Amino acid sequence: MHRSNLRHLNVGSHSPSALGHHANYEWSSLRPLLPEAYISELQGLRDEKEMVGALIDNELAWRASMARPIEPCDIWRRLDDLNLSYAECPRKADTALVLERYRQVRLLGEGGCGSVWLMQDENTGLDVALKRLHASAVAAGEDDEATTVLDTLAREWQALRQLAGLRVAQLLDYAWVPMNEASLRVPILVQAFVPGPTLADFIAVEGRLYAATDCLRVIIEVAEILRLVHNRHRIHRDIKPSNIGFDSHGLPILIDFGISSGLAQDSKVSTTTSLGATPAYAPPEWIKGNGSRNVSGEVYCLASTLYHLLTRRLPYPNAPTLVDQYLMKINGPPDRPSSVRDGLPIELDQILMRALSPSPDDRYQSIVEFADELQAVKAKIDSQFEFSVPNEIELIAPLVAGEITNTIKDDVTGPKQSRLNRHKVLFLGVLAVALALLGGFCLSLNPARPPIGPDEVTVAISNYAATQEPARAASLRFLRLDHRHNDPEVRSEDLTELRQAIRELLAHLAGQPIEVIELPHSQSTVLVLDLRQLGWQPGHWDLLMDHYPYGVYQGNLPADAPLNVAARQLHQLSGAKIPFVRADWFLAAVTSPPLESLFAKLSRLHSAANWPPITLRARESYFAQTLTLNQMAREVGVDSWRLRKAIEAGDVGEKSIFQPALDGGALSRRVWEGTKEDLMPPFFTAIEVCGTGEAIRPPP
């Protein structure tokens with residue numbers, strides 16, 4: 001099973017935001033690396049509180065969009081050995097110890113028969129999960145229902161004993177404890193706590209599709225766990241997204257071997273079959289009550305889970321009764337995945353249709369056979385990226401040490417690639433899958449882009465300006481694309497087209513082709529503009545900047561922060577308050593009212609409307625943008641959880657501006673930027689309520 005190797009990340013040479021972007025990429029690849037994974041792997045990270053904070057912010061942002069958000073205190077407590085502090089975190093309740101060692105922290109989930117609690121082991125300091133049955137569930141004594149409940153927990157205890165050492169939530173303790181004054185005793189089961197999200201949490205993220213190759217990787221890894229479980233003559237019988245968790249290193253782990261009715265059930269599925277399986281994922285024979293030891297039924301459950309993960313739809317919709325669910329599953333196949341989500345290979349359709357066959361004899365008869373077929377499809381998808389890898393190699397160097405970069409170069413330039421090498425390339429971010437929603441789901445395969453922090457860009461600009469002659473340095477201005485580069489929803493080809501649109505715009509303004517270089521060490525995120533090539537004076541640039549809704553100022557950052565040091569140096573060299581702007585805003589502003597006619601006249605153009613077609617397309621694309629809460633948070637450099645909390649704590653006027661985004665909608669780009677006359681457009685309001693001061697326009 002592939003574990004991310006973080007030791008090749010260079011902590012010392014990167015900003016907190018860069019590390020946060022790396023973590024975000026891993027989560028979006030269904031590999032939710034928790035802060036403790038980075039801390040355990042990266043030497044020196046333990047002492048870098050800002051970098052640890054960026055990792056915490058990333059996890060909070062993802063968890064806020066999931067069905068089960070967590071509080072910052074939950075993460076701070078997990079990192080208790082770092083001696084971090086968080087003012088809002090309450091002290092651990094001084095509750096009675098269970099079995100003289102487990103102290104209650106908080107409720108994780110509750111059902112009709114029992115509850116699951118997060119506990120802390122006082123002997124080891126580690127978190128554990130404790131399952132406890134309600135007194136009412138066992139009070140009936142010999143009642144059939146009570147007997148079934150007790151058997152369920154006992155069955156889980158027996159299963160976990162036999163599965164020690166596998167990637168399942170490990171059994172730590174099992175006992176009967178007194179429940180009330182009547183000396184009623186109830187069973188408890190203590191397991192290792194799985195800190196990461198579940199696969200169901202990822203599916204719950206609104207509007208999010210995951211790369212097919214990442215979905216397949218996770219399911220293949222789960223299949224490997226099931227293979228070992230089956231080898232020990234056990235069967236899980238309730239494979240579904242909520243029973244697939246992730247450890248701190250982003251590896252899947254199976255949970256809930258008891259198939260307990262009412263414990264940690266899926267919110268959308270309130271019933272289980274007589275065999276304990278969840279009907280939405282279970283094969284028809286299990287719904288009917290047959291085939292409890294049928295391995296092909298386990299294949300069916302895993303295939304249903306993969307179908308749901310790939311398409312965000314269950315193979316068959318939930319039905320009001322088990323009879324209805326059974327009839328749907330035996331009366332016809334589900335929709336082919338490729339008809340639900342564009343771009344999925346036909347081979348995957350064939351595999352899932354066989355695995356979801358209503359007849360057990362027509363399915364794969366072993367989990368290994370099913371996994372091998374999925375692996376073949378994954379290898380085919382991965383191989384489609386190989387031709388485009390060399391063009392992106394240079395993008396890895398700023399984030400990954402030279403040893404790994406050289407390894408990748410050897411891998412992609414050699415005559416053949418092994419399956420292992422393809423995994424290395426995918427993990428390191430050379431390749432990525434961008435998903436778009438346009439009249440239906442459309443899959444687009446693109447190389448990944450290592451993120452670059454705003455301080456890194458500003459330092460690169462300042463260093464470049466310092467190497468130029470004073471007269472040239474004073475006329476240089478810089479068009480930035482790092483905010484688009486770091487947005488995982490922006491395709492690489494869109495960035496390439498935007499750069500070309502800007503080049504053609506500048507040539508149009510100059511009246512002749514001009515050289516527009518890409519700033520070294522900026523990952524092609526900065527275009528260098530010499531005002532003299534356009535015939536502009538610094539005052540013309542300042543006139544444009546009067547309308548600029550973005551920028552950088554010192555804010556509450558330390559005076560010696562790299563961003564502030566570079567900004568001061570750049571201001572001295574250029575003499576401009578704002579020597580750089582967002583490239584897409586620049587293009588849109590110069591080609592649109594009220595500045596369009598002014599700059600057309602300045603450049604001696606005959607017609608202000610006669611812009612290059614590629615420039616017009618880029619302008620329309622810019623003004624068509626809408627920003628969700630997550631995208632707004634990225635624009636102001638905070639996580640969406642923090643932005644939401646800050647807005648909700650603001651005044652009524654501020655909250656009303658953002659209400660569409662708070663309700664799950666979005667703001668248009670025009671509204672987000674406001675106008676020159678706005679005293680406090682949404683962008684500045686977001687900066688103010690978050691208190692970051694990292695992306696606001698400089699004061700006069």
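Only this structure's heavy atoms are used, side chains among them; waters, hydrogens and symmetry mates stay out. Predicted model only: the values in this text are computed from it and were never measured.
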Locate the shortest heavy-atom distance separating [X] from [Y]; write the atom from each residue and the value.
X	Y	answer
I287	P279	CD1-O, 3.9 Å
P358	R363	O-NH2, 3.3 Å
M66	D201	CG-O, 3.3 Å
A223	I367	O-CG2, 3.8 Å
T198	S242	CG2-O, 3.8 Å
Y316	P334	OH-CD, 3.1 Å

Should [X] and [Y] count as side-chain neighbours, where that means a heavy-atom distance under 4.5 Å?
X	Y	answer
L348	P337	no
D127	P195	no
V190	M119	no
N58	H22	no
P317	M328	yes

According to side chain to side chain donor-acceptor pair (under 3.5 Å), who are the partners of [X], at least two apart in sequence or on a separate chain?
X	answer
S248	none
E347	K380
W27	none
D247	R167

Just by modelled atom types, is the [Y] backbone N or O under 3.5 Å from a matching donor or acceptor in the [X] side chain?
X	Y	value
D349	S338	yes
R217	S29	yes
T278	Y281	no
D121	L126	no
N318	A280	no
Q191	A169	yes
D372	E369	no
N243	D238	yes

To the nearest 0.5 Å, how far apart are [atom1] in [X] and [atom2] in [Y]?
X	Y	atom1	atom2	answer
K240	I244	NZ	CD1	11.0 Å
N24	N630	CG	CG	9.0 Å
Y326	T321	OH	OG1	13.0 Å
W62	E26	CH2	CD	11.0 Å
R336	I346	CZ	CD1	5.5 Å
D324	L327	CG	CG	6.5 Å

Decide whether a cation-pi geometry holds between R354 and Y364; the criteria are a distance under 6.0 Å from NZ or CZ to the six-membered ring centre and an angle within 45° of the ring axis.
-> yes
The complete set of side chain to side chain donor-acceptor pair (under 3.5 Å) pairs with one or both residues in residues 297-307, sequence neighbours excluded, reads H230-E298
Could I get the full list of side-chain contact (heavy atoms from CB on, under 4.5 Å) partners for [X], not counting sequence neighbours?
X	result
C215	L30, Y210, L306, L309, L310
R106	I70, D74, L108, L118
A303	L352, A355, L356, F370
D362	S357, S359

State plainly whether the residues R227 and E224 are in salt-bridge range, i.e. N to O under 4.0 Å.
->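 E224 and R227: salt-bridged.
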Hey, mind stepping through R31 and D214 against side-chain contact (heavy atoms from CB on, under 4.5 Å) and telling me if it holds?
-> CA-CA 9 Å; R31 189 184 286 106; D214 292 325; 5.6 Å; no
Among residues at least two apart in sequence or on other chains, which ones pass salt bridge (charged side-chain N to carboxylate O under 4.0 Å, His left out) with [X]?
X	result
E36	R78
D335	R313
R63	E59

Do Q104 and V98 pass the side-chain contact (heavy atoms from CB on, under 4.5 Å) test, and can you show the C-alpha distance, the side-chain angles, and the key distance before you say yes or no?
-> CA-CA 8 Å; Q104 179 179 303; V98 177; over 6 Å; no
Chi angles and distances behind the side-chain contact (heavy atoms from CB on, under 4.5 Å) call for K378, I220 = CA-CA 10 Å; K378 182 179 182 301; I220 291 169; 4.1 Å; yes
Do I239 and L254 pass the side-chain contact (heavy atoms from CB on, under 4.5 Å) test, and can you show the C-alpha distance, the side-chain angles, and the key distance before you say yes or no?
-> CA-CA 8 Å; I239 295 297; L254 289 182; 3.9 Å; yes
